[in-house]
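What follows is one structure encoded as structure tokens, with my remarks underneath.
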Amino acid sequence: MSNKHQPLNLSYLEELNTPGAGYDILRYVSLPDLLGQDTEPILYFMGRNLARKFEITTLDDIVYLFDKLGWGTLDLMKQNKKVFVFHLLSDSVVLRLNAPFNVDFRFEAGFLAEAIQQVEGIECECVEEINKRIHQIEFSVFITN
């Protein structure tokens, strides 16, 4: 079986519309049971891998994907030669942060690192910081080369 694939066109997402509760249960309950202590790094690399499957050429594409995938509204707050800082806000983020189980944003961080790497053509890594008080996630995408 070949690993070659055609990148997914962003317009394909217009055909999908499903509630997110099932996704959250799989991600935050079932996957940690299956993956154990390796959950966070695996989710990060799963996010990176998913980003590689889309045609991402601009920052607007990344913002669009975050919205269409139900992750929330992504805003670029700061950009310089070494770092991009984004904030993620939405009702879905609030609901996830108030969920009765532990949540993380490693999948989104991996996706964002790879997406910025595709757009900018430079190696990147991403870390996230959760601010539960204001229901905001801050992603810092660092240029690594």
Just checking Asn80: does its CG atom have more than 12 heavy atoms from other residues, nucleotides or ligands closer to it than 6.0 angstrom?
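Counting other residues, nucleotides and ligands, CG of Asn80 exceeds 12 neighbours.
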Near Asp38 CG, under 6.0 Å, is it more than 12 heavy atoms from other residues, nucleotides or ligands?
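Count over threshold, so yes.
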If we count only N and O atoms by modelled type, under 3.5 Å, do the side chains of Tyr44 and Glu125 hold a donor and an acceptor together?
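Result is yes, a qualifying pair exists.
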Return yes if some donor-acceptor pair links the side-chain N/O of Asn49 with the main-chain N/O of Phe45 below 3.5 Å, else return no.
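No, because the side chain of Asn49 does not come within donor-acceptor range (under 3.5 Å) of the backbone of Phe45.
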Gln117 side chain to Cys124 backbone, donor-acceptor under 3.5 Å
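Such a contact is found between Gln117 side chain and Cys124 backbone.
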Roughly how far apart are [X] [atom1] and [Y] [atom2], rounded to 0.5 Å?
{"X": "Leu112", "Y": "Ser140", "atom1": "CG", "atom2": "OG", "value": "9.5 Å"}
{"X": "Leu97", "Y": "Asn102", "atom1": "CG", "atom2": "CG", "value": "11.5 Å"}
{"X": "Asp61", "Y": "Gln118", "atom1": "CG", "atom2": "CD", "value": "9.5 Å"}
{"X": "His87", "Y": "Leu74", "atom1": "NE2", "atom2": "CG", "value": "10.0 Å"}

So Leu31 and Leu26, do their side chains get closer than 4.5 Å, heavy atoms only?
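No, side chains not in contact.
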With a 4.5 Å heavy-atom cut-off, do Phe86 and Met77 have their side chains touching?
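Contact flag for Phe86/Met77 side chains = no.
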Ion pair present between Asp104 and Arg27, side-chain N to carboxylate O less than 4.0 angstrom?
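Salt bridge: yes.
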Tell me whether Glu123 is salt-bridged to Arg48, with the criterion being a basic N under 4.0 Å from an acidic carboxylate O.
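Salt bridge: no.
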Should [X] and [Y] be counted in the same cluster of Ile, Leu, Val, Met, Phe, Trp and Tyr side chains packed under 4.5 Å apart?
{"X": "Tyr28", "Y": "Leu88", "result": "yes"}
{"X": "Leu50", "Y": "Met46", "result": "yes"}
{"X": "Val103", "Y": "Phe111", "result": "yes"}

For residues Phe105 and Trp71, establish whether the separation of their ring centroids is below 6.0 Å.
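No.
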